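Indexing begins at 1, ligand by ligand and atom by atom, following the structure's order. Here the structure is a predicted model, which is why all the values come from computation and not from measurement.
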Amino acid sequence: MLNSNDVEKMIRTGLKRMKAYTPVDPNDVLTGRAEVPPGETTKLDGNENPYGCSPRVQKALAKFQDYNRYPDPDQREVRKALAGYAGVSAESIVAGAGSDDLIDIILRLFIEPGERVINCPPTFGMYPFCTVIAGGEVLKVQRTADFSLDLAAIKKAVDAKTKAVFIASPNNPSGNQAGEAEIKELLSLGLMVVVDEAYIEFSGSSLTPLVPQYANLIVLRTLSKWAGIAGLRAGYGICPVNIVPYMMKIKQPYNINMAAYVGILESLADIDYLQKTVRALVNERDTLYRGLQQFKWLKPYPSQANFILCAVLGRSAKDIYLKLQKKGIFIRYFETPELKDYIRISAGRPQDTARVIAALRNM
Ligand SMILES: *Cc1c(COP(=O)(O)O)cnc(C)c1O
């Protein structure tokens, strides 16, 4: 008979060794660590939309009757609506349970065991996470001191076993965008180039128009950040049309659940409302940036997204993070060597900015 140890030994070695992804904690868990009443907390750690989703999504979900039915595995209506929004053909769209799902699908489609994926940290943790789970190897090419891509180092790193490169633009957590010329250089290296535009609604210049011109470019988007439905899990890829049938074939058949389906359609039917909240958040990001600049011991980085990365000078960033947490103000701190002296603060409502700035003043 097998004992528990024997069974643990059967786990894939690469996965036994891999580091776990560090997600943001849910609000109630964070509130438990704070020393203020639950109603008085400020959540600025997940780059979420504090104004919530469109009221149309709320209403449609409350009225929805068909939860007993499976969603459309071909995602017909949703792909059409997303295509209209992104200005591309429905044949170039694959929708997923968040763009995280698309990252996973792309890596499972392209990466054979032992093949390599270039990752440019500090960046979003899902690229190395999904690479390892797909059986691939992560090739780290660190960003430069100002968080730009190190193109020379990327070019040097590419070898016969390298298949793909993932670039978040605007980048999380640094907030800066890659230039179109840089992405075009990457496109010439013979790799799949995946540009993750999770924050593009806060920035403006999308690379989506390049997709029909390049056989090896995929742009990822999400409704988690700008549309305020992170909890419903809704993302999509804009992909070369000949690759889409393969992605549709290997995805989980019902990857977009009914609630996400409704959430996508109703959000896209209420663009004007949502764009108002996006504009408010962009304003508030800039107010937050100026607020942080007032402190001699903080160095905020210019951001094209809905958050600000901030270097903490001559003090412990973790200590600032923990002190704010006690006061019920939740920001993001990363336990990695390269980011240990930084904090990331999401753009919130004006009262959220006021609270975080006032709290920092008292530290
Ligand atoms: C938040 C984030 C995502 C997550 O998207 P989901 O659609 O919620 O899975 C993807 N990429 C980056 C860079 C992000 O910061």
Side-chain angles (χ1 to χ4, degrees), residues 21-26 43-50 53 57 75 78 82 85-86 93-107 117 119-131 133 143 147 149 164-178 183 193-203 206-208 218-239 251-252 255-257 259-261 263-264 267-268 274 278 281 285 301 303-309 331-332 334 336 339 342 344-347:
Y21 180 74
T22 16
V24 288
D25 287 318
K43 193 170 187 302
L44 300 173
D45 61 345
N47 305 336
E48 298 143 328
N49 187 331
C53 65
V57 173
Q75 313 169 337
V78 149
L82 290 168
Y85 172 67
I93 300 268
V94 179
S99 42
D100 291 354
D101 192 15
L102 274 306
I103 296 167
D104 186 56
I105 292 168
I106 292 163
L107 287 163
V117 177
N119 186 45
C120 302
T123 191
F124 191 47
M126 286 302 284
Y127 317 134
F129 175 83
C130 293
T131 298
I133 289 177
R143 285 170 179 259
F147 303 112
L149 295 172
V165 55
F166 280 74
I167 305 292
S169 178
N171 186 42
N172 176 8
S174 54
N176 57 323
Q177 225 171 343
I183 299 297
V193 177
V194 183
V195 178
D196 182 348
E197 294 189 343
Y199 300 98
I200 200 69
E201 278 79 3
F202 303 99
S203 139
S206 170
L207 293 185
T208 299
I218 296 178
V219 171
L220 300 183
R221 300 269 200 94
T222 178
L223 278 82
S224 292
K225 311 290 163 50
W226 72 279
I229 56 170
L232 292 182
R233 315 301 302 126
Y236 57 105
I238 302 158
C239 319
K251 74 175 179 62
Q252 294 286 328
N255 62 336
I256 291 274
N257 70 45
Y261 217 89
I264 293 171
S267 297
L268 296 182
L274 288 171
V278 167
L281 289 170
R285 168 195 76 201
Y301 284 76
S303 168
Q304 303 294 309
N306 64 338
F307 55 82
I308 305 264
L309 185 73
I331 62 167
R332 192 79 199 258
F334 303 89
T336 60
L339 289 174
Y342 294 82
R344 192 195 68 194
I345 309 176
S346 304

Close-contact set for ligand 1 against [X] heavy atoms, below 4.0 Å:
X      : value
Arg233 : 6 (P), 8 (O), 9 (O)
Asp100 : 4 (C), 5 (O), 9 (O)
Ser224 : 6 (P), 7 (O), 8 (O)

Open item on the list: What I want to know is whether Tyr127 and ligand 1 share at least one N or O pair that is separated by under 3.5 angstrom.
Closed with: no
Contact check: Lys225 vs ligand 1, nitrogen or oxygen atoms, below 3.5 angstrom: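 Lys225 vs ligand 1: N/O contact under 3.5 Å present.
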Taking atom 12 (C) of ligand 1 as the point of reference, which of Asn172, Asp196, Thr222 owns the nearest heavy atom?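 Among Asn172, Asp196, Thr222, the closest heavy atom to atom 12 (C) of ligand 1 comes from Asp196.
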protein heavy-atom neighbour closest to atom 15 (O) of ligand 1 works out as Tyr199 OH, 2.6 Å
Under 3.5 Å, is there a donor on one side chain and an acceptor on the other for [X] and [Y]?
X      : Y      : answer
Gln252 : Asp101 : no
Asn47  : Tyr199 : yes
Asn172 : Arg344 : yes
Ser206 : Arg221 : yes

Part of Ser99 with heavy atoms under 4.0 Å of ligand 1, whether side chain, backbone, both or neither: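 Both the backbone and the side chain of Ser99 come within reach of ligand 1.
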| said: Parallel, tilted or perpendicular, judged at 30° and 60°: which one describes the rings of Tyr85 and Trp226? | reply: parallel
The reported gap from CG in Leu102 to CG in Asp196 (rounded to nearest 0.5 angstrom) is 9.5 Å
Query raised in the report: Does ligand 1 have any atom sitting under 4.0 Å from a heavy atom of Met126?
Result: no
Partner of Phe166 under ring-ring contact (aromatic ring centres under 6.0 Å, His included), picked from Phe124, Tyr127, Phe129, is Tyr127
